[in-house]
Amino acid sequence: MKIRTGIALVAIMAATTMTAAFAQGLGADTYKAKCQMCHGAQGMADSGPGKAMKVKPVTDPEVKKFSEPQMIEAVKNGMGKMQPYKGKLTDAQIKEAVVYFRSFK
Ligand code: HEC
């Protein structure tokens, strides 16, 4: 009985990890192509344009306050110097890029 529960748990954990890795993999491409130049490879906004625009790093308390849906809204509608991505990227691409961005926290 105990062993079975153990195996089931490992299976569930493996499945969850794979789903997360898959979502991140998808988001990584969009993020690297469209977001990294301002938000940095690790979300730290340490790139040239990121510094010039004073983009906040993902570890900033102001950024941490954002929930995932709030971030999706910000990317869709634009925020400050960030252009709106609605119509430029699909909803799925925006969500995946945000999930990837949030994984740096
Ligand atoms: C031209 C530079 C630029 C690009 C490209 C860009 N952003 Fe931004 N982003 C900003 C600026 C400036 C803000 C305003 C708030 C700040 O300073 O962090 C911002 C804000 C955000 C926020 C709100 C939370 C926060 O960090 O303040 C999220 C989430 C975000 N961007 C994600 C993305 C994603 C995902 C992409 C790619 C689809 C992207 N950004 C592309 C410059 C950019």
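Whatever order the structure lists them in is the order used to number ligands and atoms, beginning at 1. Predicted model, so just to flag it, every value in this text is computed and none were measured.
Shown here for Ala74 and Phe66, the closest heavy-atom pair between the two residues is CB-CE2, 4.3 Å. The shortest non-hydrogen separation linking Met82 to Val75 is CE-CA, 4.0 Å. In terms of heavy atoms, Ser47 sits closest to Gly40 at OG-N, 4.2 Å. Closest heavy-atom contact between Lys64 and Val58: CG-O, 3.8 Å.
Inspection of the Lys88 and Gln83 side chains reveals an N or O donor paired with an N or O acceptor under 3.5 Å.
A 4.5 Å side-chain heavy-atom check between Lys76 and Asp91 finds at least one atom pair inside the cut-off. Side chains of Val63 and Met71 form a contact here, defined as non-hydrogen atoms less than 4.5 Å apart.
From the protein, the heavy atom lying nearest to atom 18 (O) of ligand 1 is Lys56 N, 3.1 Å. The closest protein non-hydrogen atom to atom 27 (O) of ligand 1 is Val63 CG2, 3.7 Å.
In the vicinity of Leu89, heavy-atom distances shorter than 4.0 Å reach the ligand 1 atoms 38 (C). For ligand 1, the atoms sitting less than 4.0 Å from at least one non-hydrogen atom of Lys34 are 5 (C), 37 (C), 41 (C), numbered in the order shown with element in parentheses. Every atom of ligand 1 is numbered from 1 in the order shown, and the set under 4.0 Å from a heavy atom of Lys54 is 17 (O).
Residue-level proximity to ligand 1 for Tyr85 is carried by the side chain, the only part with a heavy atom below 4.0 angstrom. Proximity of Ile94 to ligand 1, defined as any heavy-atom pair under 4.0 Å, is not found for any part of the residue.
Aromatic ring orientation, His39 versus Phe101: perpendicular (interplanar angle above 60°, classes split at 30° and 60°).
Around atom 8 (Fe) of ligand 1, protein N, O or S atoms at less than 2.8 Å comprise His39 NE2, Met82 SD.
The NZ atom of Lys105 sits 15.0 Å away from the CD atom of Gln42 when rounded to the nearest 0.5 Å.
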